Amino acid sequence: MLTSDYKNIAESENPTDKKYQEKIKIGLSRFADIYMELDTEDRERVCTYFKELMDIVGLESSNGQLNKFMYGFDLNEMTKKN
């Protein structure tokens, strides 16, 4: 579970944004098998849950992962290309 992963990172000697972002990646990948079955409201709820946990640990960015999960693209990648 993401909450356990985040707790372990927070209690570690060196919690970093990168470690939290890696756990987001792993957490979102758990939805891969059912992703096509999720409607917009379901994806929004998943993203809200992740954002709430990010707020708790003070993580400001998912590094585009939540946008990619929600909309199918990373806005950061789109900006870099243009």
Side-chain angles (χ1 to χ4, degrees):
M1 297 288 288
L2 188 63
T3 52
S4 298
D5 292 340
Y6 267 32
K7 183 177 185 253
N8 290 336
I9 293 170
E11 293 174 344
S12 72
E13 290 183 24
N14 186 26
T16 64
D17 288 359
K18 187 173 181 174
K19 288 178 183 179
Y20 287 118
Q21 290 166 343
E22 181 60 29
K23 294 302 180 180
I24 291 171
K25 181 179 179 180
I26 292 167
L28 291 174
S29 73
R30 293 177 179 144
F31 293 94
D33 291 343
I34 62 166
Y35 183 81
M36 295 306 290
E37 299 170 25
L38 299 176
D39 62 18
T40 302
E41 188 174 306
D42 293 332
R43 290 193 312 273
E44 285 175 351
R45 181 61 194 125
V46 169
C47 290
T48 299
Y49 170 72
F50 277 73
K51 287 178 187 177
E52 289 170 356
L53 292 175
M54 289 169 57
D55 288 344
I56 290 169
V57 299
L59 182 63
E60 293 184 19
S61 171
S62 70
N63 200 25
Q65 295 178 93
L66 294 180
N67 273 339
K68 192 166 189 174
F69 179 83
M70 184 67 204
Y71 304 110
F73 65 91
D74 176 0
L75 189 57
N76 294 328
E77 289 176 7
M78 301 287 287
T79 304
K80 289 176 188 176
K81 289 179 182 178
N82 294 330

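Atoms considered below: every heavy atom in the structure, side chains included; atoms not considered: hydrogens, waters and symmetry mates. These numbers were taken from a predicted model, which means no experiment stands behind them.
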* Asked: Taking all non-hydrogen atoms of both residues, which atom of L2 and which atom of K23 are closest, and how far apart?
  -> CD1-O, 3.6 Å
* Asked: Hey, what do you get for CD1 (I9) to CG (N14), rounding to the nearest 0.5 Å?
  -> 10.5 Å
* **Distance in Å, Y6 OH paired with L59 CG, rounded so as to fall on 0.5 Å steps** => 5.0 Å
* Hydrophobic cluster identity match, L38 and F73, side-chain contacts under 4.5 Å -> no
* Asked: Would you say S62 and K68 make side-chain contact, with heavy atoms under 4.5 Å?
  -> no
* Structure fact -> So CG of N63 and NZ of K25: to nearest 0.5 Å the spacing works out to 10.0 Å
* **Short N-O contact, K18 and E22, less than 4.0 angstrom** => no
* Test ring pair (Phe, Tyr, Trp, His ring centres under 6.0 Å) applied to Y35 and F69, step by step -> CA-CA 9 Å; Y35 183 81; F69 179 83; 5.2 Å; yes
* Kindly compute the distance separating CD1 (I24) from CD1 (I26), expressed to the nearest 0.5 Å. => 10.5 Å
* Kindly work out whether a path of hydrophobic side-chain contacts (I/L/V/M/F/W/Y, heavy atoms less than 4.5 Å apart) joins M54 to F31. => yes
* To do: May I ask you to decide if L28's main-chain N or O and Q65's side chain share a donor-acceptor pair within less than 3.5 Å?
  => no
* To do: Starting at OG of S12, measure out to NZ of K19 and round the result to the nearest 0.5 Å.
  => 4.5 Å
* What do the steps show when you test M1 against D5 for side-chain contact (heavy atoms from CB on, under 4.5 Å), and what is the final call? -> CA-CA 6 Å; M1 297 288 288; D5 292 340; over 6 Å; no
* Structure fact -> Note: P15 and Y20 closest approach over all heavy atoms is CB-OH, 3.9 Å
* **Over 12 non-hydrogen atoms of neighbours within 6.0 angstrom of CD in E60** => no
* Asked: Closest heavy-atom contact between R43 and M70?
  -> NE-O, 3.2 Å
* I34-Y71 co-clustered via ILVMFWY side chain contacts under 4.5 Å -> no
* To do: Answer yes or no: are there more than 12 heavy-atom neighbours, outside D33 itself, under 6.0 Å from its atom CG?
  => no
* To do: Decide yes or no on salt bridge (Lys or Arg N to Asp or Glu O under 4.0 Å) for E11 and K7, but give the supporting numbers first.
  => CA-CA 6 Å; E11 293 174 344; K7 183 177 185 253; 3.4 Å; yes
* Atom CG of D39 and atom CD of E44: how far apart are they, to the nearest 0.5 Å? -> 8.5 Å
